[in-house]
Amino acid sequence: MNGNPFARLEAACANVVERTFAFAFPSALEPVQIARKLVANFEAAAVVDERRGRCFTVQLHPSDYARLENELPYLERQWTAMLARLAERSRRPQRTPEVRARSDASVAAGTITISSVSRPQAERLVLRVRRGIAPRREVALNRTLVVGREPACDVVLADSRVSRRHCVVEIEDGVPHVRDLGSSNGTLLNGTRVGTSALGCGDVLALGDTELLVDAVGDGPAAV
């Protein structure tokens, strides 16, 4: 039992998080329930070029997301570590899986939905202007990009609600991350305000009245 990565994660969640939640929210969604469903999804996921790894997105009702929000950075690391141990035991040639939690109003409170996709590398992703005005409608995510109204930014947005230097997208271990630069109106990732967060294909950043879509190369016009 001690060699079971799920058992170790279950114990960690119980010690750090679940006792508090069990006392305050006796019928609430518990982190270990999410862990169990992640394991089931990982084991059922199709093996498609697993050398790139897979990204698992845990979609929670906004009320559940808000209740767990302070613990999510810790939980995401624990869930990722759990799947990494499962991947090692499976002896599949793949990169470390990634787990992210997202708020989704279409998910019923007290339940979860998990989706998984093969994770593109940053060099195969682009940042597209889905809504708003910008001289460049698409930029490759292969380097650090500063986004804002200032003409010197890498991605210039003509939006009065966007700060001069609003946020930056940086590449860490081949994965793009967004970091808010103290903007006046904040940076929203899939509807949730964030300070720093990893980005994946399909994510939407909202800056003021502008929306930027993280998309895969080949799904639209050529990147510049």
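Nearest approach of Ala140 to Leu145, heavy atoms of both residues: O-CD1, 3.8 Å. Closest non-hydrogen pair, Val129 versus Ala134, comes out as CG2-CB, 3.8 Å. Pro62 and Ala105 make their closest contact through CD-CA, 3.7 Å (heavy atoms, listed as atom of the first residue, atom of the second, distance). Annotation for Ala101 and Tyr65: closest pair O-CE1, 3.8 Å, computed over non-hydrogen atoms.
Between the Arg130 side chain and the Leu212 main chain, no donor and acceptor come within less than 3.5 Å of each other. Between the Thr57 side chain and the Arg100 main chain, no donor and acceptor come within less than 3.5 Å of each other. Between the Asp64 side chain and the Gly110 main chain, a donor and an acceptor come within less than 3.5 Å of each other. Proximity of a side-chain donor or acceptor of Ser183 to a complementary backbone N or O of Ser163 within less than 3.5 Å is not detected.
Following chains of ILVMFWY side-chain contacts shorter than 4.5 Å, one cannot reach Leu205 starting from Leu181, and the two form parts of different hydrophobic clusters. No chain of hydrophobic side-chain contacts below 4.5 Å, direct or via other Ile, Leu, Val, Met, Phe, Trp or Tyr residues, connects Val146 to Ile171. In the hydrophobic clustering of this structure, Val204 does not group with Val139; members are Ile, Leu, Val, Met, Phe, Trp, Tyr whose side-chain heavy atoms approach within less than 4.5 Å, directly or through other members. If you chain together hydrophobic residues whose side chains sit under 4.5 Å apart, Leu83 and Ile114 fall into the same group.
Leu189 has its side chain out of reach of Thr192: every pair of non-hydrogen atoms, C-beta onward, lies at least 4.5 Å apart. Val168 is not listed as a side-chain neighbour of Val178, based on a closest heavy-atom distance of 4.5 Å or more. In this structure, the side chains of Leu29 and Thr111 stay at 4.5 Å or more apart for every pair of heavy atoms. Residues Leu213 and Leu127 fail the side-chain proximity criterion, which asks for heavy atoms closer than 4.5 Å. Between Met82 and Leu38 there is a side-chain heavy-atom pair separated by less than 4.5 Å. In this structure, Thr187 and His166 have side chains that are in contact, with non-hydrogen atoms separated by less than 4.5 Å. Counting only heavy atoms from C-beta outward, the side chains of Val107 and Leu60 never approach each other to under 4.5 Å. Residues Leu199 and Val169 are in side-chain contact: their nearest non-hydrogen atoms beyond the backbone lie under 4.5 Å apart.
When each of His61, Gln59, Lys37 is checked for a side-chain contact (heavy atoms from CB on, under 4.5 Å) with Ile112, only Lys37 meets the rule.
Under a 4.0 Å N-O distance rule, the pair Arg143/Asp154 qualifies as a salt bridge. A salt bridge is defined here as a Lys NZ or Arg NE, NH1 or NH2 lying under 4.0 Å from an Asp or Glu carboxylate O, and Arg102 with Asp203 meets this definition.
When the shell of 6.0 Å around CZ of Arg165 is examined, it contains 12 or fewer heavy atoms from other residues, nucleotides or ligands. Atom CD1 of Ile133 has 12 or fewer heavy atoms from other residues, nucleotides or ligands within 6.0 Å.
Atom CG of Leu188 is separated from atom CG of Leu207 by 8.5 Å, given to the nearest 0.5 angstrom. Between the CG atom in Asp159 and the CD atom in Glu211 there is a gap of 11.0 Å [rounded to 0.5 Å]. The line from CD of Glu30 to CZ of Arg36 is 8.0 Å long, rounded to the nearest 0.5 Å. Distance check: Leu141 CG to Thr144 OG1 gives 10.5 Å after rounding to the nearest 0.5 Å. Taking SG of Cys167 as the reference point, atom CZ of Arg179 lies at 9.5 Å (rounded to 0.5 Å). Separation of atoms CZ (Arg161) and CG (Asp209) is listed at 5.0 Å; rounding is to 0.5 Å.
Side-chain contact check for Asp104 and Ser106: at least one donor-acceptor pair (N or O, by modelled atom type) lies under 3.5 Å.
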**OP:** Evaluate side chain to side chain contact (heavy atoms under 4.5 Å, CB included) for Leu157 paired with Val147, printing each intermediate quantity in order.
**Re:** CA-CA 7 Å; Leu157 303 177; Val147 184; 3.6 Å; yes

**OP:** Test Val99 against Leu75 for side chain to side chain contact (heavy atoms under 4.5 Å, CB included), laying out the working first.
**Re:** CA-CA 9 Å; Val99 179; Leu75 290 170; over 6 Å; no

